[in-house]
Amino acid sequence: MPELPEVEALRVFLDDHLVGREIDRVLPLTVSVLKTYDPPLTTLHGGTVTDIARHGKFLDIGVGPLHLITHLARAGRLRWKDSFPAAPPRPGKGPLALRTVLTGGDGFDLTEAGTTKRLAVHLVHDPAEVPGIARLGPDPLDDSFDRDAFAALLSGERRRIKGALRDQSLIAGIGNAYSDEILHAAKMSPYLLTANLTDDGITRLHTALRTTLRDAVARSCGPAAGRLKAEKKSGMRVHGRTGEACPVCGDTIREVSFSDSSLQYCPTCQTGGRLLADRRLSRLLK
């Protein structure tokens, strides 16, 4: 799933390619992609893109008083096109979900692989009309997100730190992949309870969080939009690298599986050499 760094890179890319440009047409090509119907997408035709913003993992294309907001979900991608075929695309065929064409003939496609369709597009007057944006916590790259603000957020939490980092209502934009990376950089177990964080631990985790996200944004901002998935994987130290050697200590990266996701960690760097319990695997072995 694209997370804060990839969506921020898309924001920068689209700021260069869309702002000041006129929209010719916006074509929804699957039934499920559009989550709002008033105002209609045709309202955007002939409009000029005024700004590009990001809210957590949501991408916000401003067109005058309107906001075309996209959440790419797990398998969504934004692919910039220098031109499009003359024939209009056939709705419901393949991964293509929505096409936006500018008056210059270029534009972008939103695509979504797989059979589970979660990519979401909203056209609203105010970003807060989108439920997922209305509940977002602070952005961890904002200047106000300092160590004390982070400590205040965690002060009322009583759960595993991995889950806290992924909670969009607590901190906006961090998902499964970058929470693994942040905890590895901070040398912390994903099972550590927030209530057991020391003052030094909070400082270390805040530094790891900001550094990991900033470095990922810097890596992602170079490639064109269509290459961001590969860039995300190439920059990971532990996430998605089960069985490989930890780049810090050389230990084998381990995995804990859940019903709909998994986490990766280094035992030497993060858990004092202990292997974390994988209840799903344990049940299979019984």
Side-chain angles (χ1 to χ4, degrees), residues 1-7 56-57 72-76 114 116 118 137 140 150 153-154 157-197 201-202 204-217 219-220 228-286:
M1 177 184 290
E3 299 179 26
L4 183 155
E6 292 76 40
V7 180
K57 302 177 191 177
L72 294 172
R74 183 171 297 227
T116 301
R118 294 178 179 171
F150 183 52
L153 285 176
L154 296 178
E157 296 297 315
R158 298 290 185 273
R159 51 175 158 165
R160 288 174 176 172
I161 189 61
K162 166 85 172 176
L165 290 176
R166 292 184 62 188
D167 185 347
Q168 299 304 294
S169 65
L170 189 71
I171 304 170
I174 301 172
N176 192 41
Y178 285 103
S179 57
D180 281 352
E181 295 299 300
I182 290 164
L183 290 169
H184 179 258
K187 299 186 180 298
M188 287 185 182
S189 168
Y191 284 7
L192 176 67
L193 296 177
T194 54
N196 293 337
L197 276 168
I202 291 172
R204 195 165 77 249
L205 183 58
H206 177 263
T207 299
L209 185 156
R210 299 267 285 188
T211 301
T212 299
L213 295 180
R214 283 172 172 167
D215 288 351
V217 170
R219 287 195 309 270
S220 299
L228 285 176
K229 182 178 180 181
E231 177 54 36
K232 178 179 179 181
K233 178 67 166 62
S234 69
M236 295 290 167
R237 291 187 169 194
V238 291
H239 183 79
R241 299 193 179 278
T242 303
E244 298 181 23
C246 170
V248 174
C249 72
D251 195 1
T252 301
I253 295 168
R254 306 286 181 160
E255 176 176 312
V256 178
S257 297
F258 304 98
S259 60
D260 61 349
S261 65
S262 63
L263 66 82
Q264 285 80 43
Y265 69 100
C266 169
T268 295
C269 291
Q270 296 176 253
T271 63
R274 299 188 308 275
L275 299 185
L276 299 178
D278 188 339
R279 295 178 180 177
R280 186 179 181 189
L281 179 60
S282 298
R283 287 197 298 269
L284 292 173
L285 294 176
K286 286 182 179 179

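Hydrogens, waters and symmetry mates are skipped; everything else that's a heavy atom, side chains included, is used.
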Exercise. For R237, does its backbone N or O pair with a side-chain atom of E181 as donor and acceptor, under 3.5 Å?
Worked result: yes
Exercise. Mind checking what makes side-chain contact (heavy atoms from CB on, under 4.5 Å) contact with R204, not counting sequence neighbours?
Worked result: M188, D200
Problem set entry | Those residues that, when tested against E255, pass side-chain contact (heavy atoms from CB on, under 4.5 Å) (two or more places apart) | T242, S257, S262, Q264
Exercise. How long is the gap from CD on E157 to CG on L197, to the nearest 0.5 Å?
Worked result: 11.0 Å
Exercise. Roughly how far, to the nearest 0.5 Å, is CG of L154 from CD1 of I171?
Worked result: 6.0 Å
Exercise. Are V248 and H184 side-chain neighbours, meaning at least one heavy-atom pair lies under 4.5 Å?
Worked result: yes
Exercise. Quick one: side-chain hydrogen bond (donor to acceptor under 3.5 Å, both in side chains) partners of T211, sequence neighbours excluded?
Worked result: none
Exercise. Going by heavy atoms in the side chains, are R219 and P5 under 4.5 Å from each other?
Worked result: no
Seminar exercise, completed: Sorted by chain and number, sequence neighbours left out, side-chain contact (heavy atoms from CB on, under 4.5 Å) with S169 holds for R135, D167
Seminar exercise, completed: Value for CZ (R241) from SG (C266), rounded to nearest 0.5 Å, stands at 13.5 Å
For this session: State, yes or no, whether a side-chain contact exists between S189 and L276 at a heavy-atom distance under 4.5 Å.
Result: yes
Problem set entry | Y178 vs L4 side-chain heavy atoms within contact, under 4.5 Å | no
Problem set entry | Set of side-chain contact (heavy atoms from CB on, under 4.5 Å) partners for K162, sequence neighbours left out | R166, N176, S179, D180, L183, P190, L263
Exercise. So, does E3 use its side chain to make a donor-acceptor pair with the main chain of K57 at under 3.5 Å?
Worked result: no
Problem set entry | Heavy-atom pair of closest approach, residues A164 and L170 | O-CD2, 3.4 Å
Exercise. To the nearest 0.5 Å, how far apart are CD1 in I253 and OG1 in T268?
Worked result: 11.0 Å
Exercise. Should we count CZ of R210 as having more than 12 external heavy atoms under 6.0 Å?
Worked result: yes
Exercise. Hey, does L192 have a side-chain heavy atom less than 4.5 Å from the side chain of R160?
Worked result: no
Seminar exercise, completed: residues 267-277 vs salt bridge (Lys or Arg N to Asp or Glu O under 4.0 Å), sequence neighbours excluded, gives none
Seminar exercise, completed: In terms of heavy-atom contacts, F150 and L205 come closest through CZ-CD2, 3.7 Å
Exercise. Do side-chain atoms of Q168 reach the backbone of G137 as a donor and acceptor pair under 3.5 angstrom?
Worked result: no
Seminar exercise, completed: Heavy-atom nearest pair, G56 first then A172, reads CA-CB, 3.8 Å
Problem set entry | Contact check, side chains of P140 and L213, non-hydrogen atoms, under 4.5 Å | yes
Problem set entry | Nearest-0.5 Å distance, OG1 of residue T194 to CZ of residue R158 | 6.5 Å
Seminar exercise, completed: Residues at least two apart in sequence or cross-chain that pass ring-ring contact (aromatic ring centres under 6.0 Å, His included) with Y191, listed by chain then number, are none
